[in-house]
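Heads up, the thing below is written out as structure tokens.
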Amino acid sequence: MTENLNPFAIAQAQLDEAAKVLQLDPDMHAFLREPMREFHFSIPVRMDDGSTKTFKGFRVQYNDARGPAKGGIRFHPDETIDTVRALSAWMTWKTAVADIPLGGAKGGIICNPRELSQGELERLSRAYMRNIARYVGLFQDCPAPDVNTNPQIMAWMLDEYEILMGHREPGVITGKPLALGGSAGRGPATAMGGMYNIREAAKVLNIDLSSATAAIQGFGNVGSFAHKLITPMFGTKVVAVSDEFGGIYSADGLDFDTVADHLAKTGKVIDCPGTEPISNKDLLELEVDILIPAAIENQLTSKNAHNIKAKLIAELANGPTTPEADDVFNDKGIYIIPDFLCNSGGVTVSYFEMVQNGYQYYWDEDMVNQRLDHKMTKAFHAVHDMAQAKNVDTRVAAYLVAVSRVAEAVRLRGWV
Ligand code: NAD
């Protein structure tokens, strides 16, 4: 049988497995398998050459039983409605596992932002917000950045929303620039949350992080901050990093500033001085203590799972591992910090951003990180303890924690 790489089919299969262990009521299971609401838009945008191009956009509100829906917006040429559905389901489990009072959503536009001018990107971002405006809001659904979207895009979307509504409502969108009500610490938050998870995992696995090695796939917002943080925080040596164009390796460790400077100059990490090239495939299979997938889905599959040598996989990307690869990792005793736990630092600080916007009173970065550490440490141990108690792997355990919390809210509301 060929491996099913449809992210939504994978998200549903993961839920099904947890439902079995939880002996979830079948009606509740059926409800939680599907998004509650989804919106599909055709978005016409005037291009610089005077033509009009129509883009396809989506917003999926998977479940808002625990609070307003929350989730990023991704701009990607390979975006599909099933990717958005899967990501919105994972957001639902993520906010629940991090125990923040929000539901799960996700949005996306099928587009290649690298082929758009700044003006076209701004018009597309504003047009997307005009389409979703009536369905989002501080107490409804709050978007944020994801792959290929950034604080500037959030700023344009915020501005469009506030023009339409006629008032200021900074908490409608997170990941904003600081000058428009962003939170200190939001940039590194996803990677920082991952660091707290890695620290706790290392304790239970008896890994000495100060002599450990790591490889990171993906050098965007999440992957680059993971590189920037892990060495100063723990002394861990990063021997390889990559982006979509390929990777670089150095047995002595890669200096973050050198790689970041090279990327800023050339747009790629490859050919960074003092490094050897390595393919994305070989990077994943390196003999390292910690493997950090921080790029896109379906990177660890039945094809390469047998060759993975890391002791710990910290999934900062969403959906990097297929269920077939999970089975292999379980057999090999590789410890996984599952995606919606490992990368929940981003949404947790987004939630802090909403709280600060609500109060119009802002915290400094130390306060943000202290509160993030508290949330992540609690979430990690809730999942780890569940895995031990039920004798299941950490991904199933994360689902058990998250699904029980969402199901309780659904039940209390009397929906099922
Ligand atoms: P980004 O667009 O800033 O960076 C993505 C990086 O991955 C880039 O370096 C890109 O070149 C690289 N990449 C893309 N395709 C690749 C491939 N096939 N092989 C190797 N590298 C590839 O995105 P990001 O915000 O850093 O997000 C990365 C992952 O983390 C995604 O799965 C995203 O859903 C997840 N995530 C992001 C956040 C956040 O706060 N930004 C929060 C939670 C989860």
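Counting starts at 1 for both ligands and their atoms, in listed order. The residues of the chain are indexed from 1 along the displayed sequence. Keep in mind the model is a prediction, meaning the values are calculated, not measured.
- Among T149, D339, N318, the residue whose heavy atom lies closest to atom 32 (O) of ligand 1 is N318.
- Taking every heavy atom of V222 and a limit of under 4.0 angstrom, the matching atoms of ligand 1 come to 24 (P), 25 (O), 26 (O), 27 (O), 30 (O), 37 (C), 38 (C), 39 (C), 41 (N).
- Listed by number with element, the atoms of ligand 1 under 4.0 angstrom from any heavy atom of N343 are 43 (C), 44 (C).
- Heavy atoms of A294 found under 4.0 angstrom from ligand 1 belong exclusively to the backbone.
- Close contacts between ligand 1 and R186 involve ligand atoms 40 (O) [criterion: under 4.0 Å to a heavy atom].
- Interface of N148 with ligand 1, defined as ligand atoms under 4.0 Å from a residue heavy atom, comprises 2 (O).
- Checked for salt-bridge contact, K94 and D339 miss the test: no charged N lies under 4.0 Å from a carboxylate O.
- Between D252 and K237 no salt bridge is recorded (no basic side-chain N to carboxylate O distance below 4.0 Å).
- For atom 27 (O) of ligand 1, the choice among L87, D78, V147 with the nearest heavy atom turns out to be V147.
- The residue from S344, G218, A317, A295 that puts a heavy atom closest to atom 28 (C) of ligand 1 is A295.
- At a cut-off of 3.5 Å, with distance as the only test, a side-chain donor of H381 or E200 sits close to an acceptor on the other residue.
- Atom 3 (O) of ligand 1 has its nearest heavy-atom neighbour, among L316, V347, N221, V241, in N221.
- Residue M91 places every heavy atom at 4.0 Å or more from ligand 1.
- Ion pairing of E287 with K309 is absent here, as no side-chain N (NZ or NE/NH1/NH2) approaches a carboxylate O to less than 4.0 Å.
- Below 4.0 Å from some heavy atom of N280 lie the following atoms of ligand 1, by number and element: 19 (N), 20 (C).
- For ligand 1, the atoms lying closer than 4.0 Å to a non-hydrogen atom of R74 are 31 (C), 32 (O), 33 (C), 34 (O).
- Heavy-atom contacts of D243 reach the following atoms of ligand 1: 9 (O), 11 (O), 20 (C), 21 (N), 22 (C) (cutoff under 4.0 Å).
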